[in-house]
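Take a look at the structure below.
Labels below follow one simple rule: chain letters A, B, ... track the order of the sequence lines, proteins then strands, and each chain is numbered from 1.
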Amino acid sequence: KENFVGHQVLRITPKNEAEVILLKELSQLEHLELDFWREPIDVSLPVDARVPFHSLQPVRSFLAYNEIHYDIMIADLQDLLDAEQQEMTKSRALQ
Amino acid sequence: PRSTDDFNYATYHTLSEINSFIDALVQENPNLVSKIVIGQSYEGRPLNVLKFSTGANRPGIWIDTGIHSREWVTQASGTWFAKKIATDYGRDAALTAILDRFDIFLEIVTNPDGFQFTHTSNRMWRKTRKPNSGSRCAGVDPNRNWDAGFGGAGSSSNPCSETYRGTYAHSEPEVKAIVDFVTSHGNLKAFVSIHSYSQMLLYPYGYTKTPCRDQAELHEVAQRAVAALTSLYGTKYAYGSIINVIYQASGGTIDWTYDQGIKYSYTFELRDTGRYGFILPANQIVPTAQETWQALMVIMDHTKNNPY
């Protein structure tokens, strides 16, 4: 089973078109293996990206260098998935 | 569960559990609900559709949930909708009036291979599971695989992309099965495809900026549907055409259905709490389904009252 330990999901809020373009460029960098849950499209829409652990440093550096604001929406994806599995298991046991 | 009354709608379920639910619902409501199999997925799973019908030769309303496999709250909501329809018929006047005139078709797991894969191997899987010749990456985005501006901007030609369109329109059996069903049925009057997340209710087009000819009416219905949805828990939705509200997306489901003549073609993006993305906690399932149902009823009621 694929493991997502250390993966974070960042909610990035571009404030102008230039930042949207920078985020589009970021999304083209295949070696980072980013998974855009909400793609960079328009200033009015937030961008959500799942960032593997090995890409966290370069992505955060990129955002900081370009002064693009972001929040950590999910700090460790695997924690949420473990909780999801536990909930399903508990529900089955109750059933 | 011994019956669909015992089924826990407030938790996520595996594919086999959902399939058992479908069979139980049919068994419990033989005069209202039947199961039709419209095809097979790439890996050979049945593409099950629930048909709610109270008479012969009726026009139809289509609802599908979960064409993107990792969007688990959609399949969970679809399960809740199925029970809601079975329960409310004969009790709720508005739904009864709809079912007295229309059949409702509900495909709860539109992409069963992908859904199974999210449960067994990769919770983040979005696409179908068919291998792509010459690539290490499998799967096609089934919401870029329809013959509506296929191959245009807003879809990818890279098999490793999450928005990979496939080699040709309707290449995915999960898509082709719906295409064949829609064309052979020939009398669907509404088509609603449900996704998550980002809280939007959208109508055609996604592949072109040209407004669809019914835009004014679709916009007005969307406005009322969103108002009904918001009235329950205050969830705020954006609404409008796909290309104006989100982005240019070619090869999308409802662009194709609209171009086939199904005027009331809509797509939802369900709840976004801003904290969980696709991993919406299970305690959000029922509220999400309840509020979405309010909007679905507005669309279905409008379809009933405005024959074309």
Query - Part of A/E87 lying under 4.5 Å from any heavy atom of chain B - result: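 It is both, since atoms from each part get that close.
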Report task. Can you sort out the partners of B/W125 under side-chain hydrogen bond (donor to acceptor under 3.5 Å, both in side chains), two or more places apart, ordered by chain and number? Result ->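 Applying side-chain hydrogen bond (donor to acceptor under 3.5 Å, both in side chains) to B/W125 gives none.
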Query - Residues which pass side chain to side chain contact (heavy atoms under 4.5 Å, CB included) with A/S27, listed by chain and number, not counting sequence neighbours - result: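 A/S27 satisfies side chain to side chain contact (heavy atoms under 4.5 Å, CB included) with A/F36 once adjacent residues are dropped.
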Quick one: what part of [X] sits under 4.5 Å from any heavy atom of chain A, side chain, backbone, both or neither?
X: B/A238; value: neither
X: B/S121; value: backbone
X: B/H119; value: both
X: B/N158; value: side chain
X: B/S161; value: neither

Report task. Among B/M124, B/E162, B/Q248, single out the residue with the greatest number of heavy-atom pairs under 4.5 Å to chain A. Result ->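 The residue among B/M124, B/E162, B/Q248 with the greatest pair count is B/M124.
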Tell me, yes or no, whether the heavy-atom count around [X] atom [atom1], taken from other residues, nucleotides or ligands under 6.0 Å, exceeds 12.
X: A/Q85; atom1: CD; result: yes
X: B/Y233; atom1: OH; result: yes
X: A/R92; atom1: CZ; result: yes

Which heavy atom of [X] sits nearest to which heavy atom of [Y], and what is that distance?
X: B/Y12; Y: A/M88; result: O-CE, 3.4 Å
X: B/T120; Y: A/K1; result: O-CG, 3.4 Å
X: B/I246; Y: A/L45; result: O-CD1, 3.9 Å

Query raised in the report: Measuring from B/D272:CG to A/R38:CZ, what's the distance to the nearest 0.5 Å?
Result: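 One gets 5.0 Å once the value is rounded to the nearest 0.5 Å.
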**Report entry** Proximity of residues 67-79 of chain A to chain B, residues having a non-hydrogen atom under 4.5 angstrom
**Finding:**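 From residues 67-79 of chain A, the residues near chain B are A/M73, A/I74, A/L77.
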Query - Sorted by number, residues from residues 11-26 of chain A in contact with chain B (heavy atoms, under 4.5 Å) - result: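 A/R11 fall under the 4.5 Å cut-off.
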Requested in this report: Report the option among A/I41, A/L94, A/D42 that has the most heavy-atom pairs separated by less than 4.5 Å from atoms of chain B.
Outcome: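 Highest number of pairs under 4.5 Å: A/I41.
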Requested in this report: Please work out whether the ring planes of A/W37 and B/F278 are parallel, tilted or perpendicular, with thresholds of 30° and 60°.
Outcome: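 Tilted.
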Requested in this report: Identify whether the distance between the nearest side-chain nitrogen and carboxylate oxygen of B/R126 and A/D35 falls below 4.0 Å.
Outcome: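 Not counted as a salt bridge, because no side-chain N and carboxylate O are separated by less than 4.0 Å.
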